[in-house]
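Below is one structure, written out as structure tokens; comments come after it.
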Amino acid sequence: MDVALKIWRFDPETGERALKAYEVEAPEWACLLDVLDIIKDQVDGTLGYRKSCRMMICGSCGMRMDGRAVLACRERMKPIVERGHVPVISAMGNMPVLKDLVVDMTPFWAKVRNMKPWLDTGYEEVPEKEFRYTQEQMNPIHKEALCIMCGCCVSECNSMESDPEFFGPAALAKGFRFVGDPRERGQVERLEHYNDEHGIWDCTRCYFCNERCPKGVDPRDSIAKLGAESIKYGIDRDMGAKHAKWFVRSAMTTGWLRETELVPKTQGVIEAVRQTKFALKLAKHGKVPIPVPPHVADRVQEARALYEVVKAQGRDGAAGIVQSERALGRIEHTDHGGARRDAPEVTPGETPPPAEG
């Protein structure tokens with residue numbers, strides 16, 4: 001089949017970028033990486049890109065296709081050719097470009113190292129026998145353990161684009177890999193570090209990292225787990241943590257979100273006074289409901305009961321989010337996305353069993 005591509009080339013010596021078109025003959029089973037190999041072997045040997053395993057394991061061939069981060073070995077070209085589309089290939093975002101499709105991963109790895117990616121078991125000597133834990137105890141880090149460090153999530157991160165110092169989704173997902181490990185004994189110290197100015201609460205929750213992750217790690221969910229664990233351990237000095245705590249408190253007491261009280265509860269009374277003029281303008285246009293008396297939902301007892309159940313079961317941290325992941329996995333794999341009481345349990349990252357009948 002005839003495959004056409006447009007590739008953004010970058011010359012590090014001159015600093016110039018140019019969009020060049022290529023058209024080659026490729027077998028029908030070819031992926032994007034195969035096509036790049038053909039271009040390099042038969043058309044232009046100066047094309048620069050990274051590759052290794054060709055099996056979605058090494059994470060080396062991360063790049064952008066039509067502005068979205070992909071693994072080149074995963075993208076099959078036949079459907080694209082059949083649509084008559086000519087994709088534009090470029091280097092990943094949020095990382096310096098060294099040449100063509102090759103980016104400098106040094107900042108990426110520095111942030112991963114900043115997470116202290118090793119276990120602190122608290123033992124002075126290694127135990128004589130291996131650690132033994134149940135599957136349920138290891139479930140919280142099931143998805144995080146799938147990460148191949150390809151950088152696709154970092155490429156699409158809006159927070160990193162506005163704040164290059166943000167730890168980033170890949171590093172924070174790696175951080176929860178250790179915070180959530182039952183063998184770890186330094187959770188509090190880690191969470192204190194991850195609550196840095198450029199840490200957990202700097203995420204804008206755009207979910208692009210979840211969307212582009214090729215392995216289903218869902219880094220945004222990992223960041224949410226870190227936030228939940230931080231609040232559970234009383235590490236709530238950040239404004240983002242205070243924001244989350246007030247929403248929980250508001251929903252539990254009245255069954256809805258009392259946004260008029262959000263500023264004083266999150267930013268403090270002094271800041272609320274400073275915002276009075278702005279609040280009055282909103283009230284003038286009917287944008288602010290009267291806060292007194294507070295409106296209470298008709299079935300507020302259900303919200304309160306849910307809060308008490310979560311507390312009683314010890315699911316007020318990351319465990320509650322893990323439980324939701326597994327529940328969603330069961331729903332998403334039923335017919336037409338519908339829910340069934342007897343739907344088989346599905347572990348994230350695994351292929352669901354075939355439907356009966």
Side-chain angles (χ1 to χ4, degrees), residues 7-17 31-33 36-37 40 46-75 88-118 143-178 193-194 196 198-200 202-204 206 208-220 222-223 226:
I7 303 176
W8 276 106
R9 304 292 302 271
F10 174 72
D11 187 342
E13 295 183 359
T14 63
E16 295 181 355
R17 296 183 74 227
C31 61
L32 173 59
L33 184 57
L36 293 177
D37 284 342
K40 187 174 181 67
T46 66
L47 178 63
Y49 55 96
R50 287 194 178 108
K51 67 172 185 174
S52 185
C53 74
R54 199 187 173 279
M55 298 180 68
M56 290 177 59
I57 294 298
C58 71
S60 299
C61 61
M63 58 188 68
R64 275 177 166 172
M65 173 185 280
D66 293 332
R68 57 187 178 88
V70 300
L71 291 181
C73 64
R74 187 186 185 205
E75 298 299 310
V88 176
I89 313 302
S90 59
M92 290 196 295
N94 290 323
M95 286 174 272
V97 181
L98 295 178
K99 184 181 188 299
D100 298 336
L101 307 178
V102 180
V103 295
D104 184 359
M105 299 284 284
T106 301
F108 175 91
W109 293 116
K111 290 178 179 179
V112 172
R113 285 193 295 270
N114 187 39
M115 297 295 102
K116 299 181 180 179
W118 57 81
K143 293 201 298 184
E144 287 73 15
L146 299 175
C147 181
I148 59 175
M149 298 277 101
C150 63
C152 286
C153 60
V154 169
S155 171
E156 309 307 291
C157 179
N158 281 334
S159 289
M160 292 195 71
E161 188 170 347
S162 61
D163 177 16
E165 297 300 315
F166 175 48
F167 291 172
L172 288 171
K174 179 65 71 176
F176 185 76
R177 160 66 184 82
F178 296 98
H193 174 54
Y194 300 165
D196 183 86
H198 306 289
I200 298 170
D202 205 21
C203 172
T204 59
C206 68
F208 285 170
C209 57
N210 281 15
E211 180 183 331
R212 297 316 315 155
C213 176
K215 304 298 286 188
V217 176
D218 294 338
R220 169 55 211 161
S222 303
I223 298 173
L226 287 172

From CA spacing to verdict: side chain to side chain contact (heavy atoms under 4.5 Å, CB included), Cys73, Arg54: CA-CA 5 Å; Cys73 64; Arg54 199 187 173 279; 4.3 Å; yes
Worked verdict on Leu172 versus Phe166 for side chain to side chain contact (heavy atoms under 4.5 Å, CB included): CA-CA 10 Å; Leu172 288 171; Phe166 175 48; 3.9 Å; yes
Separation between NZ of Lys99 and CZ of Arg50, rounded to the nearest 0.5 Å: 12.5 Å
Whether Asn94 side chain and Cys157 backbone form a donor-acceptor pair below 3.5 Å: yes
Atom NZ of Lys40: over 12 foreign heavy atoms under 6.0 Å: yes
Considering all heavy atoms, the nearest Asp218-Lys143 contact: OD2-NZ, 2.7 Å
Heavy-atom donor-acceptor pair, Lys116 side chain to Gly175 backbone, under 3.5 Å: no
Check: Asn210 side chain, Arg220 main-chain N or O, donor-acceptor pair, under 3.5 Å: yes
Main-chain N/O of Asp11 paired with Arg17 side-chain donor or acceptor, under 3.5 Å: no
Ser60 (side chain) donor-acceptor with Lys51 (main chain) under 3.5 angstrom: no
No-hydrogen, no-angle side-chain donor-acceptor test under 3.5 Å, Asn114 and Tyr194: no
4.5 Å side-chain heavy-atom contact, Met160 and Pro169: yes
Side chain to side chain contact (heavy atoms under 4.5 Å, CB included) evaluation trace for Val70 with Cys152: CA-CA 7 Å; Val70 300; Cys152 286; 5.9 Å; no
Residue pair Arg9 / Thr46, side-chain donor-acceptor N/O under 3.5 Å: yes
Residues Glu75 and Arg68 bridged, charged N to O under 4.0 Å: yes
Check: Asp100 side chain, Tyr49 main-chain N or O, donor-acceptor pair, under 3.5 Å: no
Residues Glu144, Lys174; criterion side chain to side chain contact (heavy atoms under 4.5 Å, CB included); working and verdict: CA-CA 7 Å; Glu144 287 73 15; Lys174 179 65 71 176; over 6 Å; no
Which atom of Leu101 lies closest to which atom of Ile7, heavy atoms considered: CD2-CG2, 4.1 Å
Point-to-point distance, once rounded to the nearest 0.5 Å, from SG of Cys203 to CZ of Phe167: 13.0 Å
